[in-house]
Amino acid sequence: MIAIAGAKGGCGKTITTLGLTEGFARTGTPAIAIDADRQLPNVHVTGGVDREPTLAALTAETDVRSVAQVSPRTSRAGIVPAPEPSQKLDFESVLGRVEADSIQTVVDCPSGAGPDVVEPLSAADGVIVVTTDSERSLTAAETTVEMARRLGVRVLGTVVNRCEEVPTEVESWVDVPVLGVVPEAESPLTDEDTTAAYEEIVETLQTRNATDRTPPAYDDELLPTGIDTLDRRLGGGLAPGSVVALTAEPASQSEQLLYEATAPRGTLYLTTERSTANVRRAIETTSVETGNPTIRHVEGTEVLEDAVEIIGKLPDGATLVIDLVDVLERDDRRAYVSFLNDLKDRMVETDGVAVLHCLDGPGRPENRTATIHAVDAVFELRTRESGVGTAVEHYLSVPKFRPESTFTETIELTFDGVEAMALETNQNGN
């Protein structure tokens, strides 16, 4: 999900949203433009579609494709107008439901830097900042970049609108690549030069995404965990369809292993306690190698149902991280066991790998036994400190590993580039 933002009104956010959406569609990726500006909705006007239905029509049982109207210019592009100003809507929750593995979503954010922008911006996986070459627009764009970084949203780059060349000020921005320059045109959604510019931006985004997520070489029949030494011992990684429990004490650094698990391939990171912004910030600042996961937050009384809905959109060959699974384990036992069975079926169906983060210690959920029984492997992280002033040591044991019964030796691993961790296994390995 890509957010299109810019603090200065009139910089061309709506045109950029539609131009990129239709650029994705013309180059083979179905895409949907979503208007998140309920105070000044304009995507439906510029896009040439009706005011209804709006994003408010999307429910947990509704597919976004049934709400979207087809663009009059490109049949594989859809447009979803913003809800009415009077309609209350949790954008982060609603936008989390529109994702589908085969559809690119592009969200037009409101102008400015207030609360109305924070909601849709926080729900996105990355943001493209739009600017013109005017001084006010450039200053506003820098404000948007700073806001995105405070929220922990990845800045994909900038699109310079209605220009022929990149302004000097933009070239000096740190870690904000220029994705493209779009020339001025009377009808930018149909003009040959502007539509070509949008398609070039799409190609740049797709190339960078593919580069970011290219996995290292490994056994074609196994999926790497992201921990190189462990993967070598496993012969390349885990079998597709595997579900793993990572158990650890609250004071351990087990999250670092979760972050490493995002590196080999596309990952859906489902967080139940921390916000999406906090998880994204932690991944971006960690010292271990990571990927660029899609992060979604689930909470409330329908947490199991929400998790099932999101997992149902998991693409093939992906990694699923659930952090923490403790929240799900506290649900009704029958419902939770049903969830575990559905999860295993989904991982087998998609040939992916799931990692369930479980905290040990006092107060652990009663349904933990169901988790340990259902998973294919258990990785147990233990922390040991010999005394005051000594280094903290981390040990990863494998008390359960169904595929192999001869997993006996100890393997030393580099945990975070500073501390060492050893991998221990029991004699039976199961």
Side-chain angles (χ1 to χ4, degrees), residues 1-4 13-38 41-84 87 89-109 119-121 123-126 128 189 195 198-199 202 205-206 209 266 268 270 294-296 298 302 305-318 320 342 346 349-350 352:
M1 182 180 294
I2 300 173
I4 308 298
K13 290 187 296 79
T14 299
I15 286 292
T16 302
T17 299
L18 290 165
L20 292 182
T21 300
E22 295 175 6
F24 274 109
R26 286 193 301 271
T27 54
T29 300
I32 292 178
I34 298 176
D35 195 344
D37 189 349
R38 52 185 151 196
N42 198 36
V43 170
H44 67 287
V45 177
T46 306
V49 298
D50 294 334
R51 182 70 177 90
E52 298 281 347
T54 73
L55 187 60
L58 187 67
T59 66
E61 294 76 30
T62 307
D63 190 302
V64 67
R65 284 165 285 199
S66 66
V67 176
Q69 300 175 63
V70 177
S71 165
R73 292 161 298 281
T74 309
S75 61
R76 300 187 73 180
I79 299 173
V80 179
E84 298 288 347
Q87 293 176 309
L89 201 66
D90 181 347
F91 269 104
E92 186 167 2
S93 174
V94 172
L95 291 176
R97 294 201 295 266
V98 308
E99 285 191 314
D101 55 5
S102 59
I103 293 180
Q104 175 66 58
T105 50
V106 185
V107 181
D108 186 20
C109 295
E119 277 191 291
L121 190 57
D125 300 300
I128 294 175
L189 295 179
T195 54
Y198 292 130
E199 290 174 14
V202 166
L205 290 168
Q206 291 174 329
N209 187 57
L268 170 61
L270 207 59
T294 295
I295 305 169
R296 290 291 171 261
V298 290
E302 306 296 326
E305 291 82 352
D306 292 345
V308 168
E309 180 184 351
I310 296 173
I311 293 169
K313 300 173 182 178
L314 194 70
D316 291 344
L320 169 68
D342 290 343
R346 183 59 180 162
E349 180 184 349
T350 61

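Quick note: numbers below take in every heavy atom, side chains included, and nothing from hydrogens, waters or symmetry partners. Quick caveat: nothing in here was measured; it's all calculated off a predicted structure.
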Going from [atom1] on [X] to [atom2] on [Y], what distance comes out if it is rounded to the nearest 0.5 angstrom?
X	Y	atom1	atom2	result
M1	I103	CE	CD1	11.0 Å
D108	I15	CG	CD1	10.0 Å
I295	L268	CD1	CG	9.5 Å
T294	K313	OG1	NZ	12.0 Å
H44	E52	NE2	CD	9.0 Å
L270	L320	CG	CG	6.5 Å

For D37, which residues count as a side-chain hydrogen bond (donor to acceptor under 3.5 Å, both in side chains) partner, sequence neighbours excluded?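 With sequence neighbours excluded, D37 shows a side-chain hydrogen bond (donor to acceptor under 3.5 Å, both in side chains) to no residue whatsoever.
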
Residues two or more places apart in sequence or in another chain: which of them pass side-chain hydrogen bond (donor to acceptor under 3.5 Å, both in side chains) with T74?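 side-chain hydrogen bond (donor to acceptor under 3.5 Å, both in side chains) list for T74, sorted by chain: empty.
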
Check [X] against [Y] and note the closest heavy-atom contact, atom names and distance.
X	Y	value
D35	P41	OD2-CA, 3.4 Å
F24	A31	CB-CB, 3.8 Å
L18	G47	CD1-N, 3.6 Å
A36	V107	CB-CG1, 3.7 Å
A3	L121	CB-CD1, 3.9 Å
R38	P83	CB-O, 3.2 Å

I'd like to know if the side chain of [X] and the backbone of [Y] have a donor-acceptor N/O pair within less than 3.5 Å.
X	Y	answer
R76	E22	no
T46	V43	no
R346	G312	yes
D306	V298	no

Would you call Q69 and P53 a side-chain contact if the rule is heavy atoms closer than 4.5 Å?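 Side-chain contact under 4.5 Å: yes.
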
So do the side chains of V202 and Q104 get within less than 4.5 Å of each other, counting heavy atoms only?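 When only atoms from C-beta onward are counted, Q104 and V202 do not touch, as no gap falls below 4.5 Å.
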
For V80, the option from T105, V49, I32 that meets side-chain contact (heavy atoms from CB on, under 4.5 Å):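 Between V80 and the candidates, side-chain contact (heavy atoms from CB on, under 4.5 Å) is satisfied uniquely by I32.
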
